[in-house]
Amino acid sequence: MTKIGLEIHCQLTKLESKLFCSCKANYREFEPNHNICPVCMGLPGSLPRLNQKAVESATSIALALSCETPEKIAFFRKNYFYPDLPKNFQITQLNVYGDMSVGGEGYVSVEDKKIKIRRIQLEEDPGRIIYEGASERTKITLVDYNRAGTPLVEIVTDPDFENPRQVRVFLNILSDLLENLGVAEPGLEGAMRADGNVSIEGGNKVEIKNIGSFHDLEKALHFEITRQQSLFERDIEIAQETRHWDDRRKITVSSRSKEEDQDYRYFLENDIPWVKIDQSTRDILIKNMPESISSKKDRYIEKFDIAPQVAEIIASDKYFSKLFENSYSDSNAKDIANLITTDVIGFIDTKEKQQNSKITSQHLSDLIDAINSKTITRNSAKVALQEIMKSGKETKIILNELDLGQVSDESEIDSIISQIFEDEKQAVIDAKERPETVNFLVGKVMQKTKGKADPVKTLELIKSKLNQ
Ligand SMILES: [Zn+2]
């Protein structure tokens, strides 16, 4: 049996300033080493000042992940020497004297499984080491401290995942949740990083560090499971070790042994007082939280009688839920939801396409009105949608330009049917013997009218002609 656990590092990119100083949290727009000050550089005599908003954002994440949140939180120094760490220690959190990190004991439901969240902690990000020529073997190594001290939330799960697919579903749920909370932009380069640990068949646990994107995390997990399985099959013991994900070769490689917790010489950060988070603060945070995806989904199902799968798809995507919420009236909500999940989603299946699409909520209401009043067929709506997305012109204009008006005139449809009965004699005989084959004839009419014939009327007319 495969067991996978995760440690996810998520930058709080929506904050103005770093965790303990007033340098910008958005370090990406600066020249190297231009977003620094004595505090984040750890110069003697400087003192940290905790960013209140960072504590609130991290607590919101903990609450949204159904975590227990303690009355008081504290910070610790994690001591180690590395060039990207100007103070020679990282200010982080540790649960030694009871629970003192922003959250613990939460969970996320992934399909039928509960993935337990062991701990959520708030800490500072180190700077960045840049190997010239992008190789660790280079003789020249540069360091950029712009990122040092930016707020980071670490989310640690139990090893509850059984395969990389569950990991992917979990990460999608988590990214949506963070984005929905308005605390992070998971799409930004380096904003979400992860470590994974993998063990198979009750063997030793291997940690994989340094994975820069969720896409690579999945690849790294697949690679690591296959590597361990091949060792297991040959009766070779799997060493307990830390491995790095080599982004360029797309493999995991063994790295120097990792420090144990006691090597970090954790101790309380006495420059930052303990922070009390009382019930009223938590109540305010909960009140200000945007509606969660699951409650949005439940609302769609209850209020509009929308199928659970359809409600889930719309609720979990910000773009589609906005499009839906702005276009429905109580009477057409179900139709709009179905139009989004059957047709719109097929054309707009990436974030980039969402950004470029010119479709508005008005277009969707207009299309549903046109379908329901039998002005156009469902098929024609699909054709119109493609054009709307590109040009953004008014629905009525596009339906005219593309000549998509539905053919409902009985004599017109009837004459087309007569022609098809002439051309498809065998199909007519078949349909008389086996009524379920009648769709072939309906399809022919649709082909001839480019999908514009009223499908209900067409079927009626064909059936009555077959019985003549
Ligand atoms: Zn600073």
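Both backbone and side-chain heavy atoms feed into the values below; hydrogens, waters and symmetry mates do not. Order of appearance sets the numbers: ligands from 1, and atoms from 1 within every ligand.
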Fill in: Distance flag, aromatic centroids of Phe161 and Phe170, threshold under 6.0 Å
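Ring centroids of Phe170 and Phe161 are less than 6.0 Å from each other.
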
Worksheet item: Taking the Zn ion (ligand 1) as the centre, how many protein N/O/S atoms fall inside a distance shorter than 2.8 Å?
Response: 4

Discussion item. With salt bridge (Lys or Arg N to Asp or Glu O under 4.0 Å) as the test, pick out the partner of Asp160 among Lys3, Lys113, Lys116.
Written reply: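 For Asp160, the salt bridge (Lys or Arg N to Asp or Glu O under 4.0 Å) test succeeds with only one of Lys3, Lys113, Lys116, which is Lys116.
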
Worksheet item: Given the rule in the side-chain hydrogen bond (donor to acceptor under 3.5 Å, both in side chains) test, do Tyr27 and Gln11 qualify, once you have shown the distances and angles that lead to the verdict?
Response: CA-CA 11 Å; Tyr27 59 88; Gln11 290 178 338; 3.1 Å; yes

Item to complete: Report yes or no: does Thr13 contribute a side-chain atom to a donor-acceptor pair with the main-chain N or O of Glu185 at less than 3.5 Å?
Response: yes

Item to complete: Test salt bridge (charged side-chain N to carboxylate O under 4.0 Å, His left out) on Glu218 and Arg165 and set out the steps.
Response: CA-CA 8 Å; Glu218 210 183 328; Arg165 188 182 51 80; over 6 Å; no

Quiz: residues 305-315 side-chain donor-acceptor pairs under 3.5 angstrom, not counting sequence neighbours:
unit_1: Asp305; atom_1: OD2; unit_2: Lys334; atom_2: NZ; d: 3.4
unit_1: Glu312; atom_1: OE1; unit_2: Lys297; atom_2: NZ; d: 3.2

